[in-house]
Structure formats: structure tokens, C-alpha cells
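Right, one structure below, let's go through it.
In what follows, chains are A, B, ... by sequence order, proteins preceding strands, each numbered from 1.
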2 protein chains.
Amino acid sequence: MRLTTKGRYAVTAMLDLALNAENKPISLADISRRQDISLSYLEQLFSKLRQQGLVSSVRGPGGGYKLSRDAEAICVAEIIDAVNESIDATNCGGSGNCSDGQICLTHHLWCDLSDQIHQFLSSISLAGLVARNDVREVAERQNRERDREQTLEFIGAGGA
Amino acid sequence: MRLTTKGRYAVTAMLDLALNAENKPISLADISRRQDISLSYLEQLFSKLRQQGLVSSVRGPGGGYKLSRDAEAICVAEIIDAVNESIDATNCGGSGNCSDGQICLTHHLWCDLSDQIHQFLSSISLAGLVARNDVREVAERQNRERDREQTLEFIGAGGA
DNA sequence: TTATAGTTGACTAAAGTAGTAGGGAATTAG
DNA sequence: CTAATTCCCTACTACTTTAGTCAACTATAA
Ligand code: FES
Ligand code: FES
């Protein structure tokens, strides 16, 4: 089992999508700016998210990505699964044969742990995250920062 | 966060120790045979387990490792921590600064997840595992296999 | 004194992570 | 129409970690 920047980026980007969607598509460039994630890397992640049917894409100017379902119907577990293979904690992948073809001493422990994690991450939807106070606060800060950056760019362009 | 063979081996080996300890030390060679884990790799893992004070060692013939505490007082979380750095799911390591020095959108989510996993793995002691039926069954099978192997070796030695 | 068993450090192949680079192909604003 | 925008795809790379191997050394019990 692993949970690395890859899965975290994916969840963060999907949450950004849920927060900023006003039924128009959001470009990866926007997400990249707001969440400080490399654009090329986002493209790789969204390729997988699209393959799993979590987002749909619109090409061309004004295009980008949209959630392909309601934010209530997308849970964190799905997102991590989509980019990250799995959140399975066993060595055998559930087949119970990692100790010379036989079940190992700790198999059931890792199964229980996997269940535990999966239940937890399945119980959290994007909508649930959007509703959280701490998430809203961070999102507002990011919007303020983005506005300021745009103002600075404008002044810079005007002054030059 | 990661949970790989490393942490799983460590827990399996510690559980083997708890199962087979009759207040005499168990050699890594025994554990290696029973659990099918490379001896040299076990040495590395037990070096860390000893540094964390989870086991104590006895050198020389008849030596080996013993649990340095009661099996009730050693939980799975500790063992994984000892060999695996941490089971922290955040990117920032808890300091809340992974998005350009600021807290990121999903920080609290990963904190909650970390708590969840840590609570679960802390609630399980080696003694708790030893008491489980599925663990006892696997252990008994391993003991039968080891006995048979010893018999075969004996016959092989006698016949040659 | 010798075989046993822990202790330590250096080394390695393979895999995965977190990207970068660069070319396409669709679409639409101008 | 055309040029800019945006997604799409493949290949490449530096780096880290994993899961080991190997070899030399130290303590100790029989
Ligand atoms: S983890 Fe499933 S058999 Fe070992
Ligand atoms: S994970 Fe803690 S700030 Fe991003």
C-alpha cells in the first residue's frame, strides 16, 4: 500500500474542480496555478481520472475538465484508486498466498486494516470536503492570492 | 505514507517471536526458516527494532532475540514505526506547510486519515494477535511444516 | 577453541515517484 | 481562415526506496 504525493495531488485537484466549478470546465493551467502542481504532471493524473470516468474533458479555448458526476457521488477512495493502483495493505493482494503459496501469519491483520482505510475514505465525498470549514478557509485564501497575482500581472503589463 | 513488505515482515517476525517464545531467545535463523524471510534482511530489521527498544538480544550459541516487553504492551503501530519511519499520511509531516509554505486544501483530510490508521494499529497488540484463531491456525501449520522438514533432513542425512 | 549467533557497513538490481520535454489533435475566438 | 488554447500522448530522466546480498567482526556458550 502506498499513499504518496500522486494520490494527494489527485484528490487536491479534484477538490479544486469541485470548489471552482460553476458548470463551466476548469483548465488544468488554472488548477496548476492555484494548487502549485506541475501542469505536465496534472495532465498525467487527469488522463487516468478520465479513463476511470471521474472527469470529462472539453477541448479548445475555454475548455478544461468537469466532474462527470455530482460531487456527492465521488468519494476519496475512488480518486486514489484511479491514480494509485490500490489502497490494499496486504502483500498477497487478497489472495492469501504470500507465504510460499500459503496464507501468512499476518494476512488477516492487513485485510482488516485495508477494510478500515477503505471504509474511511469511502465515507468522504468531494461534497463533504467542500462543506468543511477548514477547506473553505484554505480555498478562500487561495482565491485571494490568485486575485492579487492577477492584479500584479495587470499592473506589470500596463507599466511596461 | 507507505506500508510495504518491510513493515509487514517486521510485524510477522515480531509475532513469530511472541508465538514461539518460551522465555528463551529465538534466533533469526529460526524465524527466517519459519516465515521464509531472508536472514540478512531480518538482521537489518531487528537492528532497528533493537534500537527502538522493542527487542533485546542475546549473543552466542543458544542466543537470539526476545521481546523486551510483554506481548500485551507492544502494539503493531510501534513495530511499523520502528522500521518504517512513520505511518503519517500527510505530505507536510504535520506542520501544515506543503502548499508554498501555507496549509494545503487536503491537509486535514490526511491528518484525519493518519489518526484513523494510527488508532487502529495502536489498538492491536502482539498478544491480541496471538489470541486470534486465524493466527493460531497458521502458526500450527507452520510448526507442522517445520517438523516435517526436520524429519526429511534427518532421513536425508541418515541415508547419505 | 570452535561453532554459533548477533552487529555492522557497503553494495546492488529493480521498481516507483515526481517530474520534464515535446509533439500532436481538437476546438473556438477573433 | 487562422492562430491561440487546451487536452492528449509518448518518451525520457533524476532520484529515492525496497528488498535484498555479501563480507567482516564481536561476543559467548559448550
Ligand atoms: S498478506 Fe495475504 S497471505 Fe500474506
Ligand atoms: S499535507 Fe499538510 S499542508 Fe499539505
Side-chain angles (χ1 to χ4, degrees), chain A residues 1-13 17 24-33 35-52 54-68 80 83-89 91 93 98-99 104, chain B residues 1-13 17 20 24-33 35-52 54-68 80 83-89 91 98-99 104:
Chain A
M1 189 188 65
R2 63 195 91 86
L3 175 56
T4 61
T5 309
K6 197 183 205 168
R8 279 190 291 260
Y9 276 180
V11 175
T12 303
L17 221 53
K24 63 171 200 293
I26 306 290
S27 76
L28 291 187
D30 280 356
I31 300 180
S32 170
R33 262 192 301 274
Q35 306 304 334
D36 203 29
I37 304 174
S38 138
L39 178 58
S40 298
Y41 201 41
L42 274 178
E43 285 175 349
Q44 287 175 49
L45 298 180
F46 272 80
S47 161
K48 295 192 181 180
L49 293 171
R50 193 174 54 94
Q51 280 165 37
Q52 298 299 317
L54 293 177
V55 296
S56 53
S57 60
V58 180
R59 287 173 148 200
Y65 285 94
K66 293 188 297 186
L67 299 181
S68 57
I80 295 178
V83 296
N84 222 25
E85 315 255 2
S86 91
I87 47 180
D88 184 12
N91 186 31
C98 83
S99 167
C104 73
Chain B
M1 188 188 66
R2 62 195 90 90
L3 175 56
T4 61
T5 309
K6 197 181 202 169
R8 278 190 292 259
Y9 277 179
V11 175
T12 302
L17 221 54
N20 295 286
K24 65 173 197 295
I26 306 290
S27 74
L28 292 187
D30 280 356
I31 300 180
S32 169
R33 261 193 301 275
Q35 307 303 334
D36 202 28
I37 303 174
S38 138
L39 177 58
S40 298
Y41 200 40
L42 274 178
E43 284 172 352
Q44 286 176 50
L45 297 180
F46 272 79
S47 161
K48 294 192 181 181
L49 293 171
R50 191 173 56 94
Q51 279 164 36
Q52 298 299 317
L54 293 178
V55 295
S56 53
S57 59
V58 180
R59 288 171 146 201
Y65 286 94
K66 292 189 297 185
L67 298 182
S68 59
I80 295 178
V83 296
N84 223 22
E85 314 255 4
S86 89
I87 47 180
D88 185 12
N91 186 31
C98 81
S99 167
C104 74

Minimum-distance nucleotide to [X] side chain [options: [options]]:
| X | options | value |
| --- | --- | --- |
| B:Ser57 | C:dG6, D:dT17, C:dT28 | C:dG6 |
| A:Ser38 | D:dC8, D:dA23, C:dG19 | C:dG19 |
| B:Arg50 | D:dA29, D:dC7, C:dT8 | C:dT8 |
| A:Leu28 | C:dG16, D:dA23, D:dC7 | D:dC7 |

Whole angstroms only, please: what is the [atom1]-[atom2] distance between [X] and [N]?
| X | N | atom1 | atom2 | value |
| --- | --- | --- | --- | --- |
| A:Leu49 | D:dC7 | CG | C1' | 14 Å |
| A:Arg2 | D:dT18 | CZ | P | 11 Å |
| A:Ile31 | D:dT6 | CD1 | P | 12 Å |
| A:Asp36 | C:dG19 | CG | P | 10 Å |
| B:Asp30 | C:dA5 | CG | P | 8 Å |
| A:Gln44 | D:dT10 | CD | P | 11 Å |
| A:Lys24 | C:dT28 | NZ | P | 16 Å |
| B:Leu39 | D:dA23 | CG | P | 14 Å |

At 4.0 Å (heavy atoms only), tell me whether A:Phe46 reaches a base, stays on the sugar-phosphate, or touches nothing.
nothing

What does A:Ser40 touch in the nucleic acid at a heavy-atom separation under 4.0 angstrom: a base, only the sugar-phosphate, or nothing?
base

Qualifying residue for side-chain contact (heavy atoms from CB on, under 4.5 Å) with A:Phe46, from A:Val83, A:Leu17, A:Leu54
A:Leu17

Looking at D:dT6, does its base get a donor-acceptor pair with the side chain of A:Glu43 below 3.5 Å?
no

Do any N or O atoms from the side chain of A:Arg2 and from the backbone of B:Thr4 form a donor-acceptor pair under 3.5 angstrom?
no

Under 3.5 Å: donor-acceptor pair, side chain of B:Ser32, backbone of B:Ile37
yes

Between A:Glu43 and A:Ser47, do the side chains contain a donor N or O and an acceptor N or O under 3.5 Å apart?
no

Calculate, to the nearest 0.5 Å, the distance between atoms CG and CG belonging to B:Leu49 and B:Leu67 respectively.
10.0 Å

Could you give the distance from CD1 (B:Ile87) to CG (B:Leu3), rounded to the nearest 0.5 Å?
8.5 Å

Would you tell me if any nitrogen or oxygen in the side chain of B:Arg59 comes within less than 4.0 Å of OP1 or OP2 on D:dT26?
no

Is any side-chain N or O of A:Tyr41 closer than 4.0 Å to OP1 or OP2 of C:dA21?
no

Most 5' of A:Ser47 and A:Pro61 on DNA chain D, judged by nearest nucleotide
A:Pro61

Can you give me the closest heavy-atom contact between A:Ser99 and A:Cys104, atom names plus distance?
CB-CB, 3.7 Å

Heavy atoms within less than 4.0 Å of DNA chain C: which residues of residues 4-13 of chain A have one? Give them sorted by number.
A:Thr4, A:Thr5, A:Lys6, A:Tyr9

Measuring only between side-chain heavy atoms, which start at C-beta, is A:Pro25 closer than 4.5 Å to A:Tyr65?
no

